[in-house]
Colleague: 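Structure in structure tokens, see below.
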Amino acid sequence: MTEQTPASSPAEDLPEQMRVRRSKRDRILADGAEPYPITYPRTASLAQLRERYADLPTDTATGDTVSVTGRVMFIRNTGKLCFATLRDGDGTELQAMLSLDRVGPDRLEEWKRVVDLGDHVGVTGEVITSRRGELSVLADSWAMTAKSLRPLPVSHKPMSEEARVRQRYVDLIMRPQARETVRVRAGVMRSLRDSLHRREFVEVETPMLQLLHGGATARPFVTHSNALDTDLYLRIAPELFLKRCVVGGIERVFEINRNFRNEGVDSSHSPEFAMLETYEAYGDYNTIGNLTRELVQEAAHATFGSNVVTHADGSEFDLGGQWRSVTLYGVLSEALGEEVTVRTEMPRLIQYAEKHNLDVDPKWGPGKLAEELFEELVVPNLVAPTFVRDYPEETSPLVRSHREQPGLTEKWDLYVRGFELATGYSELVDPVVQRERLVAQARLAAKGDDEAMRLDEDFLRALEYGMPPSGGMGMGIDRLLMALTGLGIRETILFPLVRSE
RNA sequence: GGGCCGCUAGCUCAAUCGGCAGAGCUGAGGACUUUUAAUCCUUAGGUUCGGGGUUCGAGUCCCCGGCGGCCCA
């Protein structure tokens with residue numbers, strides 16, 4: 001947009017290669033041409049040409065004239081014949097050739113003077129194949145469509161992980177896997193929505209900015225509304241609003257959107273993360289578990305064409321079949337070699353914790369400690385998709401009590417490759433019991449546990465109007481991508497949060 | 001929060017015991033009408049993350065800080 005070089009970045013302060021590229025931009029302007037023209041009249045995409053001339057024999061001239069555009073990803077200038085590989089946004093590449101006899105001495109010289117790796121150019125000419133058999137456009141004319149002022153990284157060496165994350169746009173230019181991940185993610189999002197729409201679920205959007213944060217136990221981000229003169233929280237979960245929807249008669253409802261948790265950042269945690277949450281009236285944790293499996297398997301089919309997905313490292317991972325289902329206390333007992341139940345008391349659990357070098361927080365009850373032992377001893381080994389069922393009431397304040405087993409709830413966590421992918425409940429809909437549990441949570445909050453939930457009177461009022469029996473489920477989208485692709489969370493998120501440079 | 005490792009040219013990386021800061025690619029100039037990480041000749045490019053200290057001399061050793069990665073909690 002701006003035509004003049006800003007005085008704030010004196011040319012002499014720039015690295016040599018950037019000075020050179022700026023001077024090439026100046027040269028284009030001095031010649032009366034545009035380094036950033038409004039458009040270039042292209043008549044075909046590179047992919048269209050590849051398809052149309054797929055079977056053209058070596059060293060053939062078609063007589064067909066086309067106009068193409070692309071970013072220069074490879075360039076080879078010789079005396080009277082120049083080669084460049086152009087690449088389209090979809091990753092398709094095609095060769096452009098510029099010969100002295102076609103474009104003339106002035107334009108060939110100009111090409112050599114001003115075109116660098118990374119520039120966008122347009123080329124008009126005849127579709128041919130080279131003597132080496134490469135499908136090419138033999139130029140009659142060419143134009144700069146966008147001059148690149150920064151050199152690209154070397155293509156034969158991988159960029160550092162930090163550079164890939166900080167300058168994702170460069171990562172996308174250089175690495176096919178980065179572009180592929182974006183498309184896989186889009187395919188998964190679309191598949192999830194399609195799968196839910198087919199089952200007559202309704203997509204809604206509920207508040208991101210909330211007066212009270214709830215629906216999960218996590219530390220929130222706090223912000224401030226000047227108009228209301230009150231602090232607001234970025235939501236940690238949409239749960240309490242989606243349940244209001246179910247109360248209101250939207251009996252199959254879902255939301256795919258961002259949650260924010262003011263907690264650690266590492267290879268599997270991001271402070272903002274995308275989540276699918278869904279509720280099904282007259283369902284329970286069994287029906288919602290089946291739905292979850294079907295959503296994941298349909299997403300695998302949509303993006304990889306199979307329940308067996310291929311990870312980034314080339315290994316195959318099978319998401320097919322019915323998936324293993326175990327109980328929390330069952331797998332924990334197995335890992336400890338001794339029978340543990342929800343009635344096992346603190347002293348024995350503490351013994352197990354000491355035996356396995358697990359530090360015990362004095363605020364933990366027996367349920368929390370059992371879960372911590374489970375996470376320490378069992379979770380890393382849960383590689384194949386596994387539903388872990390029937391968690392203690394103590395740690396699950398929004399879950400219906402188990403229909404048969406006192407002290408437990410109808411909740412499962414789904415583990416894949418050693419991380420939690422989703423969680424599902426038979427929802428607690430009794431407003432009286434819900435109030436008791438939320439009051440207990442609010443007491444914890446008052447005692448300084450800033451992960452505990454606050455009392456949301458309006459949510460309780462909604463429940464008092466009557467919420468039908470329901471199953472509910474939440475699934476991390478970024479983690480679903482991790483399960484499908486084998487990538488780390490910072491690769492599945494296009495622009496993950498990074499510290500300022 | 002703790003420990004360990006790293007940060008050097010546009011990019012990826014070297015630099016012995018503390019002793020002239022280097023290579024490949026990229027860039028610039030030249031040759032080449034069939035190149036695919038071309039080849040050949042010439043050549044430029046540095047606040048060694050920042051600050052302080054030790055030393056005749058610091059990329060290298062010490063201290064403080066920044067950023068990143070891994071492990072632990």
Side-chain angles (χ1 to χ4, degrees), chain A residues 9 11-27 56-61 72-87 93-105 107-109 111-119 125-126 128-140 147-167 169-171 173-175 219 263-269 353-354 356-362 364 372-373 375-376 380 488-491 496-501:
Chain A
S9 62
E12 58 269 25
D13 284 356
L14 295 170
E16 184 204 11
Q17 296 196 35
M18 288 183 61
R19 286 203 307 272
V20 167
R21 286 180 180 239
R22 277 178 153 72
S23 73
K24 289 175 178 178
R25 172 184 176 277
D26 293 341
R27 184 190 166 97
L56 207 57
T58 294
D59 206 8
T60 304
V72 176
M73 294 309 292
F74 179 86
I75 194 160
R76 182 111 312 130
N77 293 340
T78 69
K80 301 185 179 65
L81 182 64
C82 298
F83 300 88
T85 300
L86 308 186
R87 191 168 69 202
E93 296 187 340
L94 191 76
Q95 179 164 274
M97 296 168 65
L98 295 95
S99 70
L100 178 68
D101 52 2
R102 290 262 185 154
V103 300
R107 289 301 286 161
L108 189 69
E109 190 56 27
W111 171 273
K112 291 194 227 177
R113 289 257 175 250
V114 304
V115 176
D116 287 306
L117 280 176
D119 291 351
E126 183 180 358
I128 65 160
T129 47
S130 72
R131 275 180 218 164
R132 296 293 177 85
E134 188 82 37
L135 184 63
S136 308
V137 174
L138 179 58
D140 295 314
K147 178 68 194 165
S148 167
L149 295 183
R150 287 177 182 270
L152 291 172
V154 289
S155 54
H156 347 292
K157 298 276 185 179
M159 292 168 72
S160 71
E161 194 185 321
E162 186 181 359
R164 293 205 324 242
V165 169
R166 284 193 186 276
Q167 295 183 255
Y169 38 89
V170 179
D171 188 31
I173 293 168
M174 299 309 295
R175 212 165 45 93
R219 189 170 306 167
E263 294 174 346
V265 181
D266 64 28
S267 58
S268 65
H269 293 81
E354 282 168 357
H356 292 95
N357 295 317
L358 182 73
D359 290 338
V360 179
D361 187 323
W364 291 350
E372 292 287 336
L373 281 165
E375 281 180 28
E376 179 74 14
I489 197 166
R490 276 152 69 94
E491 298 295 320
L497 183 68
V498 286
R499 255 178 240 273
S500 68
E501 285 175 87

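By convention in this document, chain letters (A, B, ...) are assigned in the order of the sequence lines, proteins followed by strands, and residues within each chain are numbered from 1. Model, not experiment: these values are computed from the prediction.
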Colleague: Mind checking A:Arg113 for me? I need base, sugar-phosphate or nothing, with any heavy atom below 4.0 Å counting as a touch.
Modeller: sugar-phosphate
Colleague: With rounding to the closest Å, how many angstrom separate the C1' atoms on B:G19 and B:A28?
Modeller: 33 Å
Colleague: Roughly, in whole Å, what's the span from CG in A:Leu152 to C1' in B:A37?
Modeller: 15 Å
Colleague: Using a heavy-atom cut-off of 4.0 Å across all strands, would you classify A:Met97 as base, sugar-phosphate, or nothing?
Modeller: base
Colleague: Describe the nucleic acid contact of A:Ser155 in one word from base, sugar-phosphate, nothing, applying a heavy-atom distance below 4.0 Å.
Modeller: nothing
Colleague: If I take atom CZ in residue A:Arg19 and atom C1' in nucleotide B:A9, what distance separates them, rounded to the nearest angstrom?
Modeller: 13 Å
Colleague: A:Asp116 has an atom CG; how far is it from atom P of B:G29, in whole Å?
Modeller: 10 Å
Colleague: I want to verify a distance call: between B:U12, B:C32, B:U36, whose nearest atom is closest to the A:Lys80 side chain?
Modeller: B:C32
Colleague: Rounded off to whole Å, could you give me the CG-to-P distance for the A:Asp119 and B:U26 pair?
Modeller: 16 Å
Colleague: Which comes earlier along RNA chain B counting from the 5' end, the contact point of A:Arg131 or that of A:Glu376, where each point is its nearest nucleotide?
Modeller: A:Arg131
Colleague: Under 4.0 Å, counting only non-hydrogen atoms across every strand here, what does A:Asp59 touch: a base, just sugar-phosphate, or nothing?
Modeller: nothing
Colleague: Do A:Leu152 and A:Met73 have side-chain heavy atoms sitting under 4.5 Å apart?
Modeller: yes
Colleague: If the condition is salt bridge (Lys or Arg N to Asp or Glu O under 4.0 Å), which residues does A:Arg102 pass it with, not counting sequence neighbours?
Modeller: A:Glu126, A:Asp140
Colleague: Return the nucleotide paired to B:C13: Watson-Crick means purine N1 to pyrimidine N3 with N6-O4 or O6-N4, wobble means G-U with N1-O2 and O6-N3, both under 3.5 Å.
Modeller: B:G22
Colleague: Nearest to the A:Asp101 side chain among B:A37, B:U33, B:A28, which nucleotide is it?
Modeller: B:U33
Colleague: Quick one: does A:Lys112's side chain have a donor or acceptor within less than 3.5 Å of a partner on A:Thr78's backbone?
Modeller: yes
Colleague: Can you give one letter per nucleotide of nucleotides 39-46 of chain B, 5' to 3': B if a protein heavy atom sits under 4.0 Å from the base, S if only from the sugar-phosphate, - if neither?
Modeller: -----BS-
Colleague: CE of A:Met174 versus C1' of B:A37: gap in Å, rounded?
Modeller: 11 Å
Colleague: Tell me the partner of B:U43, counting only Watson-Crick (N1-N3 plus N6-O4 or O6-N4) or G-U wobble (N1-O2 and O6-N3) with both under 3.5 Å; none if nothing fits.
Modeller: B:G27
Colleague: What residues form a ring pair (Phe, Tyr, Trp, His ring centres under 6.0 Å) with A:Trp111, not counting sequence neighbours?
Modeller: A:Trp142
Colleague: For A:Pro151 and A:Ser130, take the nucleotide of RNA chain B holding the closest heavy atom to each; which residue's nucleotide lies nearer the 5' end?
Modeller: A:Pro151
Colleague: Using the side chain to side chain contact (heavy atoms under 4.5 Å, CB included) criterion, which residues pair with A:Thr129? Sequence neighbours excluded.
Modeller: A:Leu56, A:Thr60, A:Leu135
Colleague: What does A:Lys112 touch in the nucleic acid at a heavy-atom separation under 4.0 angstrom: a base, only the sugar-phosphate, or nothing?
Modeller: nothing
Colleague: Going by salt bridge (Lys or Arg N to Asp or Glu O under 4.0 Å), name the residues that satisfy it together with A:Arg87, two or more places apart in sequence or in a different chain.
Modeller: A:Glu93
Colleague: Taking pairing as Watson-Crick or G-U wobble with both contacts under 3.5 Å, can you name the mate of B:G65, or confirm there isn't one?
Modeller: B:C49
Colleague: Whole angstroms only, please: what is the CZ-P distance between A:Arg164 and B:G68?
Modeller: 16 Å
Colleague: Under the rule for salt bridge (Lys or Arg N to Asp or Glu O under 4.0 Å), what residues qualify as partners of A:Lys147, not counting sequence neighbours?
Modeller: A:Asp116, A:Asp119
